[in-house]
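Working notes for the structure below.
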4 protein chains.
Amino acid sequence: MKPSMEEKKRLKRDRIFRAASKIFSEKGYFETTVADIAKEAGVSFGTVFTYFETKEMLYETVILEQLEEIKPHFLDIQGTFTGDPMEIITAMVDRHVTIFSEKSEFLRLVQQVLARLDRYPALFEELDSFVSDFIESVSPVLEEGQKMGVFYPDPHDLLAHSYMSTLNGMRLTYIDDPSNLRLWEALKIQAIRLFGPYHHPDGARKW
Amino acid sequence: MKPSMEEKKRLKRDRIFRAASKIFSEKGYFETTVADIAKEAGVSFGTVFTYFETKEMLYETVILEQLEEIKPHFLDIQGTFTGDPMEIITAMVDRHVTIFSEKSEFLRLVQQVLARLDRYPALFEELDSFVSDFIESVSPVLEEGQKMGVFYPDPHDLLAHSYMSTLNGMRLTYIDDPSNLRLWEALKIQAIRLFGPYHHPDGARKW
Amino acid sequence: MKPSMEEKKRLKRDRIFRAASKIFSEKGYFETTVADIAKEAGVSFGTVFTYFETKEMLYETVILEQLEEIKPHFLDIQGTFTGDPMEIITAMVDRHVTIFSEKSEFLRLVQQVLARLDRYPALFEELDSFVSDFIESVSPVLEEGQKMGVFYPDPHDLLAHSYMSTLNGMRLTYIDDPSNLRLWEALKIQAIRLFGPYHHPDGARKW
Amino acid sequence: MKPSMEEKKRLKRDRIFRAASKIFSEKGYFETTVADIAKEAGVSFGTVFTYFETKEMLYETVILEQLEEIKPHFLDIQGTFTGDPMEIITAMVDRHVTIFSEKSEFLRLVQQVLARLDRYPALFEELDSFVSDFIESVSPVLEEGQKMGVFYPDPHDLLAHSYMSTLNGMRLTYIDDPSNLRLWEALKIQAIRLFGPYHHPDGARKW
DNA sequence: TATGAATGAGTCTTCATTCAT
DNA sequence: GATGAATGAAGACTCATTCAT
């Protein structure tokens, strides 16, 4: 096969992948037909099966590959963010909320999966270990912040879990307008407050 | 119709209703068949259509009626809970988290709907106005707490929205075991912290 | 049973009968539900089965009983109409077309049956012998008219069959407005012309 | 798509089309199942939906396409038949009755539709304008014949309507045996008589 | 006798997947 | 590799009929 052939194949796979992500996130797994995806991708629906064995595998692939993309932002907290613990958490929350506000397509998919975890065991396992890895990654920061007295003295897994809950919940609370900056900014602060009391940088009040 | 007849009808409708709630919450709308529900309810599938016009109407009814049941706990905050603002919010969160931990079936259904809001316009509207009404109901308490300086000085709708986000998110974060008391207790505290800094009642530390 | 009881039963049967005739003629056999008929008759659909064993028997009864009603007008031509042959035929056609223009409900039912003769063997036999009996009844008149030279010299069954065809066809040709008198009058003359040349009573022309 | 492929598709569509025409005409719309048609056509029932969107569209298509086929025989009277007016009408009737005697399958379908015109609005409109167009096409011939005194001096639309009625009625009057030539010949003469007095070519009598 | 709840056979329709071209 | 025709499993829904009340 000529290199250009491989390149062409890669591009076509990508077209199908992106079409699937879009349509699945909009209509959910069951109301999406393979024909829908093929049409969006501009290929015949037979071609979809050339690149992905079944509809179900396509769905899982679409989610898992995008999860890989965002992993670095969650699994190397200390390598990615610097400063004192509150600065690290603030930067982390900022990054995460920004990612989620931009990746609403992916987040919708995650919601769908979370609503049917037993239905997708492979995805469940992946998401579960993702959360575990995140806890492990953020733990040292929490530890230090707790020692310094700027974070609540609760167990790390609880803090991390409720943070993940809140991130997830954000998308659910009817926020589909990524341009609603005021809301997203406010949600960032609310997320930070899960770790420790937080006052607005510009606030006159202190807590 | 004789009273005993009406009573029997009511009971059978209820059997179907509860079967539907169970199966829908477990398998989602599309993977649930009307036959599944009928079997769980112990009736012929034709009977399901005697009580509910279509599968879709059954789904909506199951959600809307249960939403009505929990509404009082959200829409009359001041009539239901007493004390100073922090005491009211604490009691409210306690009640809400308890309800949600017990109504995990219903919450799953809500997750499903939230993941496909455009698919269920009637449900969307209902949930949307539910949230608005809650904000209105909780607003006076927040106002007072903010004056007293125990709550964050953010706009009420933001505080309330992030609270609802967090409640929603809780169910998503893999908590299906209602007996996991430690986790639920911790989540309550996290929820309270969205409104203002909070320390454990038994904590030695003060914030 | 008190006479009033029998009377009441007869009335109720009649209500169902008339409702069935109306709805069947409008929607046809298959798109009519027993519930439709019951609703039109103002009874519960269970009651329909008290008076008629099955939906199919109700359909047949509705047609056969109305066929009996119009039979006298077809089966005793010489006893009913008087005059010379052309006068008899003219009066007969007038009577028949008038009946059909008024009994459009019944005629619709007959069309339905004629379109599916093999489906309703009992009705077929009844209609077939009705036509035979009509031919026999009209035959002496045709005989005499042919001798006098005012009717075409064709076999009686052909003349009679094409007359019946034309009567049937009339309803088919989009005539649902019984008040369209000009049309019905014209169709009468056309029907007479199947037996022999005919000029308008007021026509200046002679044929 | 290769030409052979298109050819194969056309043939298969045709097989389904003819099977549908046969079964629909025999059993009517409602008693015909798509499975019946598929079986008659020798394909899987899923294949029927590859070629026709719904059962209803298949029904309409079957009727409309066959209507198109017979249209030329009705809508270009003067271009198709030659001679004096009576010769034209005689040839036309001969052609029409022959078509109808051979197309009894199609005629049955038309009866079904005429018995439920409101049920099939698209078909109604088509049939209605077909009749109008026929009247327009035959009108000049009637005009000339009337001037010559060989046709009845009635309005063209009445003559044409009763002619159509009679053609329709023919099929209704229990004539399913296309080989019953004597009957069909007789009916042709009856049809001609709707336009003007007519004697058998071989008749000694004159009218 | 009247009612209407219960039943389940029967049908259209959708759509993932296969496979010949 | 790409296409799309063919397949048939699966499911929602209708409705005549039964029968307990």
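Proteins get letters first, then strands, A, B, ... in listed order; numbering begins at 1 in each. Treat the numbers as computed from the prediction; the structure is a model and nothing was measured.
- Base pairing of E:dT21: its partner is F:dA2, meeting the Watson-Crick or G-U wobble criterion (both donor-acceptor distances under 3.5 Å).
- If you check every strand for non-hydrogen atoms under 4.0 Å, A:T47 touches a base.
- For D:K8, no side-chain nitrogen or oxygen approaches OP1 or OP2 of F:dA5 to under 4.0 Å.
- The pair C:D14-C:R18 meets the salt-bridge criterion, with a side-chain N (NZ, NE, NH1 or NH2) lying under 4.0 Å from an Asp/Glu carboxylate O.
- For F:dG1, the OP1/OP2 oxygens have no side-chain nitrogen or oxygen of A:Y51 closer than 4.0 Å.
- Rounded to a whole Å, the CD atom of B:E7 is 18 Å from the C1' atom of E:dG4.
- Within a 6.0 Å radius of CD in A:E125, no more than 12 heavy atoms belonging to other residues, nucleotides or ligands are found.
- Spacing between atom CD of B:E53 and atom P of E:dA5 amounts to 14 Å, rounded to whole angstrom units.
- Between the C1' atom of E:dC12 and the CE atom of D:M57 lies a distance of 15 Å, rounded to the nearest Å.
- Two residues, B:A35 and D:G42, neighbour DNA chain F, and the one matched to the more 5' nucleotide by heavy-atom proximity is D:G42.
- Atom-to-atom, CD of B:E6 to C1' of F:dT21 comes out at 14 Å; the value is rounded to the nearest Å.
- Distances from the side chain of C:F45 to the nucleotides E:dA16, F:dT18, E:dT14 place F:dT18 closest.
- For C:F49, taking side-chain heavy atoms from C-beta onward, the closest of the listed nucleotides F:dA16, F:dC13, E:dC12 is F:dA16.
- Salt-bridge annotation for A:K22 and A:E26: present, with a side-chain N of the basic residue lying under 4.0 Å from a carboxylate O of the acidic one.
- The side chain of B:K12 approaches E:dA6 more closely than any other nucleotide in the set F:dG4, F:dA12, E:dA6.
- Atoms NZ (D:K39) and C1' (F:dT7) sit 18 Å apart, rounded to a whole Å.
- At whole-Å resolution of the value, CG in D:L11 and P in F:dA5 are 15 Å apart.
- Mapped onto DNA chain F by nearest heavy atom, C:T33 and D:V43 fall at different nucleotides, with D:V43 at the one closer to the 5' end.
- Look at CZ on D:R13: it is 13 Å from P on F:dA6, rounded to the nearest Å.
- Using a cut-off of 4.0 Å between Lys/Arg side-chain N and Asp/Glu carboxylate O, D:E7 and D:R10 are scored as salt-bridged.
- For E:dT1, one of the phosphate oxygens OP1 or OP2 lies less than 4.0 angstrom from a side-chain nitrogen or oxygen of C:K9.
- We find that CD of A:E56 is positioned 17 Å from P of E:dC15, with the value rounded to whole Å.
- Closest contact between the side chain of A:V34 and the listed nucleotides E:dT3, E:dA16, E:dC12 involves E:dA16.
- With respect to D:E65 and D:R13, a salt bridge is recorded, a charged nitrogen being found less than 4.0 Å from a carboxylate O.
- Residue C:G46 is the one, among C:G46 and A:E31, whose nearest nucleotide of DNA chain E lies closer to the 5' end (criterion: closest heavy atom).
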